[in-house]
There are 2 protein chains.
Amino acid sequence: MKLPLKPIKPKRISDQVFDQLTELIARGELKPGDKLMPERELSAVLGVSRTTIRNAINKLVVLGFLDHKQGQGTFVRLPDVRDNNPLAIAMQTEDATLEDLLEVRMGLECNAAALAARRAVEEDIHFLEKSLEEMKAEVASDRLGTEADVSFHMAVSYATKNPVQVRIMREFYDFLFYGINENLARLYEKPERIEEILFQHTQIIHAIKKHDPDEAYEAMERHIIYVLNFFKNQDL
Amino acid sequence: MKLPLKPIKPKRISDQVFDQLTELIARGELKPGDKLMPERELSAVLGVSRTTIRNAINKLVVLGFLDHKQGQGTFVRLPDVRDNNPLAIAMQTEDATLEDLLEVRMGLECNAAALAARRAVEEDIHFLEKSLEEMKAEVASDRLGTEADVSFHMAVSYATKNPVQVRIMREFYDFLFYGINENLARLYEKPERIEEILFQHTQIIHAIKKHDPDEAYEAMERHIIYVLNFFKNQDL
DNA sequence: CAACCTATATTGGTCATACCAATAGTTGCC
DNA sequence: GGCAACTATTGGTATGACCAATATAGGTTG
């Protein structure tokens, strides 16, 4: 008899720390380039020994998420889009277009939105709304809202409570964000488009908040179709 | 001018230990299944602290060459096909379940089916039907139909004419097929389930042939829900 | 005798503390 | 102003102790 239950095994403490750090990075609370808290401080804050903290951090270093710099600190590494990212390989090897990417995202993200609507808890909603505010702030201060945009979509993924979903989405956004920013940037040039996108995001959050999977699905669908159409008209 | 020279920097001690262990494994002095010297002993032999030894070993564990077993020792892991597969890494690192995988497939494949219905040409239909026949044949000859099943789903992906879709799907099936065949196999045990699956595949093909995206979407949805439910009930 | 429990040894996991080593920023001398 | 030495910060290593899981051996019990 195979169980879907989370194994009871109390995980190693270092792995629990690892999970927390991973989550921070996945959610975008720690963005590439950010400096981590010193190990001694982390140790104090979390109430575990520095040894354990180091084990967790080392794991992330090996996996390529962090970089050690002796005498300076530990930093979130910008994902090496060229090597590990299957999407980047696909885009180079085959000749995939931005449109192809968006098509696949359509399936992934609509489904994710529906799942999120079913499972999101308060904390998830909080993160969603936070990323919305951040995006407004970024735009207001005359920067592109791309970073917060990524945070938003990752927050949706995270709300699904599905690690595979998070993993796949991460691949997409690592690529979109650090790979072909230039193309994506064009979408954010006009204020009226940003306005529209913000509105769409709001609708998605609303649906998730209401725990209405169908509405969340459709709201996400409208959003991605909007972006998709933008790029379709772009190159004619 | 890029040099092939080794950087002069004297490496971290833990990395030197790491290199030695790696070499032992690479040379085959340590074969899969072998037990490593206890950390304390290694520490004594190499004349470095156990801390350092552990750092080196942990690195190898993360990279998948070694396995920790508390109370027993550290063992050389038998290399696994799924090592290069990002999904496999996710399944290990996070604790993703088969259900998580299927949920994500739900989004990906339903969308793919709809796209396929729009774009499939004669050749694509041909491959779809071929994989269906192959599956029947495999089952008739008393083998599991898993291989042909994979072929079918990949054929749907190909019909989308979307390289990104193909790439992502490939990842999934590389993993499903080589990774957790055992679990998947249970689905194919009972003839009546195979019958049902074959019927569902037929419906999907039919919808794609008719170029009816909505019907294809729903047919695929029914199929995956069926499989999903099977695994959900499996472990109660 | 077989099965089961228990004590003990082995071994990885965690903790605490101290010190080494690289780096950045500051100070002070010329 | 510019260079050199000092200092604070932070990752890297060293010890030594103890915790936690596992295996093994030995004794107890049916």
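Below, chain A is the first sequence line, B the second, and so on; all start at residue 1.
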(message) Roughly what angle, to 10°, lies between the helix axis at the start of the helix from C/dC1-D/dG30 to C/dC30-D/dG1 and the one at its end, five pairs per end?
(response) 0°
(message) With a 3.5 Å distance limit and no angle check, can you tell me whether A/D67 reaches the backbone of A/F75 through a side-chain donor-acceptor pair?
(response) no
(message) Output the rounded distance in Å from CZ (B/F75) to C1' (D/dT22).
(response) 10 Å
(request) Determine, for A/K161 against B/E103, whether the closest basic-nitrogen to carboxylate-oxygen distance falls under 4.0 angstrom. (result) no
(request) Say whether B/N55 and B/T52, considering side chains only, have a donor N or O and an acceptor N or O under 3.5 Å apart. (result) no
Which protein N or O atoms sit under 3.5 Å from an N or O of nucleotides 6-12 of chain D?
unit_1, atom_1, unit_2, atom_2, d
D/dG11, OP1, A/T74, N, 3.4
D/dG11, OP2, A/E39, N, 3.1
D/dG11, N7, A/R40, NH1, 3.0
D/dG11, O6, A/R40, NH2, 3.0
D/dG11, N2, A/Q70, OE1, 3.2
D/dG12, OP1, B/R12, NH1, 2.9
D/dG12, OP2, A/R54, NH1, 2.9
D/dG12, OP2, A/R54, NH2, 3.2
D/dG12, OP2, A/H68, NE2, 3.3
D/dG12, N7, A/R50, NH2, 2.9
D/dG12, O6, A/R50, NH1, 3.2

(request) Would you kindly give the CD-to-P distance between A/Q16 and D/dA20, to the nearest whole Å? (result) 14 Å
(request) Specify the separation, in whole Å, of atom CG of B/L60 and atom P of C/dG12. (result) 14 Å
(request) Indicate the atoms forming the closest heavy-atom contact of A/K35 with A/G73, along with that distance. (result) CE-CA, 4.2 Å
(request) Evaluate the side-chain proximity of B/I25 to B/L66: yes if any heavy-atom separation is below 4.5 Å, no if none is. (result) yes
(message) Is the phosphate of C/dC15 approached by A/T52 (side-chain N or O, under 4.0 Å from OP1 or OP2)?
(response) yes
(request) Could you tell me whether A/H206 atom NE2 has more than 12 heavy atoms of other residues or ligands within 6.0 Å of it? (result) no
(request) Could you state the atom-to-atom distance from CG of B/L46 to C1' of D/dA14 in whole Å? (result) 15 Å
(request) Could you tell me whether the side chain of B/F172 reaches within less than 4.5 Å of the side chain of B/L108, counting heavy atoms only? (result) yes
(request) May I have the distance from B/D67 (atom CG) to C/dG13 (atom P), rounded to whole angstrom? (result) 11 Å
(request) Using salt bridge (Lys or Arg N to Asp or Glu O under 4.0 Å) as the criterion, point out the one residue from A/R119, A/R27, A/K209 that pairs with A/D124. (result) A/R27
